[in-house]
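First up is the structure itself, then whatever we jot down about it.
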Amino acid sequence: MNIRNDLGWLTIVLLLLTGLITVLIVGAALIRTIRLLRDRRQEQLAAAPRRALLAFVAEGGEEGSEELLAISPRAWRAVEPAAVALLGKVRGDAHRALAEVFEQRGAARRAVAQLRHRDAVHRARAAETLGHLGRPDVIDAIHPLLDDKSPEVRMVAARALGAIGSPASAAPLLAALSRRQMPAHLIAFDLSRIGAGAVPALQAALSDAEPSVRATALNALGLIGSIGSVTAITELLDSESHPDVRLAALTSLGRLGGRSSIAPLRAALDPARTPGLRAAAARSLGEVGGREAAEVLGTLLADPDYHVAHEAAQGLRRLGVPGRRRLQEIAEGVPAGPGAAHARQALALLDLDEGGDQP
Amino acid sequence: MRLLVEVGNDLLLVYFVVLNSCYLALIGLAFVEFGRAQRRRTFSGTDELFRNPLTPAVSLLVPAHNEGPVIVPAVRALTALRFPRFQVVVIDDGSTDDTFERLRAGFDLVEVPYVVPDDVPHHGEVRSVHVARDSPDTLLVVRKRNGGKADALNVGVNLARHELVCMVDADSILDHDALLAVVKPFAEDPLRVVAAGGVVGIVNGCRVSAGRVVDVRMPRQWVVRIQIVEYLRAFLTGRTGWSRLGGLIVISGAFGLFRRDVLVRVGGMALDTVGEDAEVVVRLHRRLREADADYRIVFLPEPISWSQSPSTLRVLGRQRRRWHRGLAEVLQTHRVMIGNPRYGRIGLIALPYYLLFELIAPFVELLALILLPLGLLIGAVNVQFAWRFVLAAYGYGIVVSLAALILEELSFHRYRRWRDITWGFLAAVAENLGYRLLLAPAQVYGVWLAWRGREAVWGTNLRTDFEEPTGR
């Protein structure tokens with residue numbers, strides 16, 4: 001059969017395409033109409049409950065709980081996404097009062113039941129709600145989700161545990177890191193939200209065989225501000241060879257500060273180290289501050305690596321009087337040394353910081 | 001001769017069917033991806049990302065050449081984005097208009113003796129560096145001798161002090177949370193994600209207020225309406241589909257995020273092409289696959305960068321000539337990858353697709369314009385077959401464009417007015433009835449310029465002020 005002479009099939013194709021185009025246009029109009037009607041209905045249902053919700057939160061949860069409890073289940077379903085989002089944003093008394101309303105409406109009970117739902121989206125939403133509610137008694141139900149087959153559920157579970165802030169969750173979170181390759185920065189933040197209660201588990205994790213666990217523990221200790229961990233971090237730096245872990249240790253020392261941080265940071269500036277680690281050490285020295293740090297940073301301005309010299313100059317910029325003095329010595333040195341350009345840049349920015357370059 | 005024309009027409013038929021089927025398949029993949037993203041929106045973790053001090057910081061690089069009318073509101077909108085730590089680096093690439101003067105007046109710029117590193121190469125000499133008096137760490141403006149967009153971006157990469165660099169066009173408006181959304185994959189998969197692209201929308205016709213798009217509308221000009229449908233089909237759904245396949249090779253220069261260390265390692269932006277945005281992504285694929293690295297390059301349909309699009313055929317033709325020239329240069333530079341199993345899906349699927357269905361498409365459109373009448377003239381094709389064939393080819397194209405429109409309506413429904421979706425349907429028809437054919441000569445000329453290796457220059461901007469009312 002010659003396809004060019006048999007026009008029947010082409011006519012059928014044309015008819016099909018015409019039908020398809022019509023269906024698509026009508027379908028789009030229908031989709032829009034249905035969506036608009038549904039949105040309008042939802043809006044009508046949610047309008048009054050939303051006003052009550054906002055008034056309740058604005059009053060710090062002191063008045064209006066009865067009104068929220070009296071909302072019909074249908075209207076509550078319409079406003080629930082906004083209510084859950086609000087629960088995650090408000091703090092203090094308003095949060096406690098709103099969480100109590102959720103409890104009384106059975107939200108916590110429903111969420112716990114949904115943690116085992118076969119659909120990952122339901123499991124994640126349930127964990128998110130429980131995290132916002134901040135109920136320590138449900139952490140045992142959430143811990144298994146750290147091993148969920150869905151990476152999104154695992155992340156939401158970790159976030160929920162961070163929001164609840166129970167020290168008992170620190171070890172499971174750290175364990176999940178190596179077992180499930182969770183994103184280290186997010187887990188470190190979740191661990192830091194647990195606070196001082198997580199420190200013993202984090203210090204123990206510094207000797208974990210897995211580099212990502214050690215790095216995460218270091219980052220979390222830095223965020224928590226665990227000054228008591230400086231010695232442990234310094235000891236770890238002596239023997240640590242993994243670059244990511246070393247970087248996390250140097251960054252944490254910068255966050256934690258204190259005189260005892262200066263020696264290990266200074267050691268990390270050894271020219272034999274990689275430029276990235278040396279730049280991180282210079283940045284951390286700037287955060288630690290003090291006269292001794294200013295001296296070390298001053299010598300780094302002549303470093304052949306731009307980033308090390310730049311971080312050192314910016315570190316001096318943050319140090320106040322000792323930093324300015326050191327920068328001026330280098331900038332005005334005769335003959336101009338190799339670090340003079342970095343010093344002049346930092347001084348110009350420091351003038352702006354201090355409002356000394358007003359027009 | 002007769003046989004040749006007959007076979008040619010048959011091949012044309014097959015080509016159009018396969019081309020549109022590929023588009024349809026990509027739209028299908030995008031449908032799955034959009035559905036997934038919509039259901040997960042309520043627990044996306046964006047707020048946590050904003051609060052997390054460990055969220056990677058971003059340097060926004062804004063290359064600018066004669067962007068006077070838009071530069072101040074654009075930079076002001078960028079500095080107001082919702083993100084924990086970022087800086088804006090504007091690179092004035094030898095503007096001959098008042099771009100710099102407007103910036104200086106708008107942000108009270110102060111010149112500082114800045115040390116510029118040379119991590120990646122650039123040609124245009126840096127003349128001066130300026131910072132905003134009241135926020136010296138947030139806004140940096142560098143003036144340099146004209147060297148082209150890629151050259152300007154490389155200076156920006158050198159000056160960027162954060163671990164991620166985001167390339168943004170000076171005429172772009174980013175959604176308020178766009179940066180948070182596009183950084184999310186880097187936070188969630190920090191070891192593997194090296195680059196991410198966000199979708200680019202067309203701002204013409206939209207209502208813009210205080211540096212934000214507040215009402216998305218179709219513009220008056222048909223040439224822009226058609227581009228909106230084209231962007232939905234090719235950029236929004238097409239790139240989402242490619243990303244899902246692990247074969248994304250284009251991240252728009254108007255909104256792309258890269259790990260700075262990886263960008264430096266591959267040498268920054270190529271200075272000898274007008275398609276630097278696609279080239280750098282293909283080069284990343286090439287170098288990382290050659291190093292057996294485990295990496296991801298992703299596209300996000302949610303964060304939007306709104307850009308002005310050409311509103312006349314003349315400017316549109318110049319834009320498409322540049323795009324096609326860029327594509328030709330990229331494929332020529334990385335021809336060793338095409339069909340090469342060493343480069344996985346990029347070498348075996350993505351690059352052959354771009355060669356066969358993007359680069360060659362305008363040639364085929366023009367060939368069809370010759371072959372079909374010729375076939376009719378010499379009696380190789382009968383008239384009844386010819387008109388049905390043409391209608392079927394365009395009909396299939398219309399189905400594809402409509403499918404992309406419906407997907408947008410289902411997922412994001414950004415165009416709220418009924419008349420906008422009506423115009424969208426009409427534009428979907430118009431896109432297939434002549435629009436592509438009109439652009440084909442410019443695209444073919446672009447390939448010719450790539451072949452001749454002419455020097456690349458900035459395209460001419462015909463910007464309008466964002467604060468002027470662009471909607472009705």
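Residue numbering restarts at 1 for every chain, and letters A, B, ... go by the order of the sequence lines. These numbers were taken from a predicted model, which means no experiment stands behind them.
Per-residue heavy-atom pair counts under 4.5 Å with chain B were compared for A/His310, A/Arg344, A/Lys89, A/Met155, and the maximum is reached by A/Met155. Put simply, of B/Asp47, B/Val112, B/Ile421, the one with the most heavy-atom pairs under 4.5 Å next to chain A is B/Ile421. Annotation: maximal heavy-atom pairing with chain B below 4.5 Å, among A/Arg159, A/Arg125, A/Glu128, occurs at A/Arg159. Considering only heavy-atom pairs separated by less than 4.5 Å from chain A, the leading option among B/Asp137, B/Asp134, B/Asp261 is B/Asp137. Of the listed residues B/Pro113, B/Pro136, B/Pro190, B/Gly45, the one with more heavy-atom pairs under 4.5 angstrom with chain A than any other is B/Pro113. When the candidates A/Leu347, A/Asp244, A/Asp190 are compared by the number of heavy-atom contacts under 4.5 Å with chain B, A/Asp190 comes out ahead.
Both the backbone and the side chain of A/Ala29 come within contact range of chain B, each with at least one heavy atom under 4.5 Å from a heavy atom of that chain. Heavy atoms closer than 4.5 Å to chain B are found nowhere in A/Arg154, neither backbone nor side chain. Contact annotation for B/Leu49: only side-chain heavy atoms (C-beta onward) come within less than 4.5 Å of a heavy atom of chain A. For chain B, the nearby part of A/His122 is the side chain; its heavy atoms alone come within less than 4.5 Å. Of the two parts of A/Leu24, the backbone and the side chain both hold a non-hydrogen atom closer than 4.5 Å to a non-hydrogen atom of chain B. For a residue to count as touching a neighbouring chain, one of its non-hydrogen atoms must lie under 4.5 Å from one of that chain's; by this rule A/Val121 touches chain B with backbone and side chain alike. Interface residue B/Val131: only side-chain heavy atoms are found under 4.5 Å from chain A. If you measure heavy-atom distances from B/Ser44 to chain A, the contacts under 4.5 Å come from the backbone alone. Contact annotation for A/Ser150: neither backbone nor side-chain heavy atoms come within less than 4.5 Å of a heavy atom of chain B. Of the two parts of A/Leu14, only the side chain, counted from C-beta on, holds a non-hydrogen atom closer than 4.5 Å to a non-hydrogen atom of chain B. For B/Phe425, the part sitting under 4.5 Å from any heavy atom of chain A is the side chain, from C-beta outward, and nothing else. Contacts between A/Arg32 and chain B at a heavy-atom distance below 4.5 Å involve backbone atoms as well as side-chain atoms. Only the side chain of B/Arg40 has a heavy atom closer than 4.5 Å to any heavy atom of chain A.
One finds no salt bridge joining B/Asp420 and B/Arg416 here, because no Lys/Arg side-chain nitrogen approaches an Asp/Glu carboxylate oxygen to under 4.0 Å. A salt bridge does not link B/Glu163 with B/Arg260: none of the charged nitrogens is closer than 4.0 Å to a carboxylate oxygen. The pair B/Glu48-B/Lys184 does not meet the salt-bridge criterion, since no charged nitrogen lies less than 4.0 angstrom from a carboxylate oxygen. Using a 4.0 Å cut-off between charged nitrogen and carboxylate oxygen, A/Asp119 and A/Arg123 do not count as a salt-bridge pair.
For the residue pair B/His130/B/Ser128, the side-chain donor-acceptor check at 3.5 Å is satisfied. One side chain, B/Ser21 or B/Tyr396, offers a donor N or O that lies under 3.5 Å from an acceptor on the other.
In this structure a side-chain-to-backbone donor-acceptor pair under 3.5 Å is present from B/Asn158 to B/Asp119.
Contact check for B/Trp418 versus A/Leu36: side-chain heavy atoms found under the 4.5 Å cut-off. With contacts defined as side-chain heavy-atom distances shorter than 4.5 Å, the pair B/Gln87/B/Val89 qualifies.
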Please report the C-alpha distance between B/Phe16 and B/Tyr394 in whole Å, then the side-chain angles of each, then the deciding distance to 0.1 Å, and finally whether the ring-ring contact (aromatic ring centres under 6.0 Å, His included) criterion is met. CA-CA 9 Å; B/Phe16 283 120; B/Tyr394 286 138; 7.3 Å; no
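By the 6.0 Å and 45° rule, B/Arg51 does not stack over the aromatic ring of A/Phe189. In this structure, B/Arg259 is not positioned above the aromatic face of B/Phe186 in the sense of NZ or CZ being under 6.0 Å from the six-membered ring centre and within 45° of the axis.
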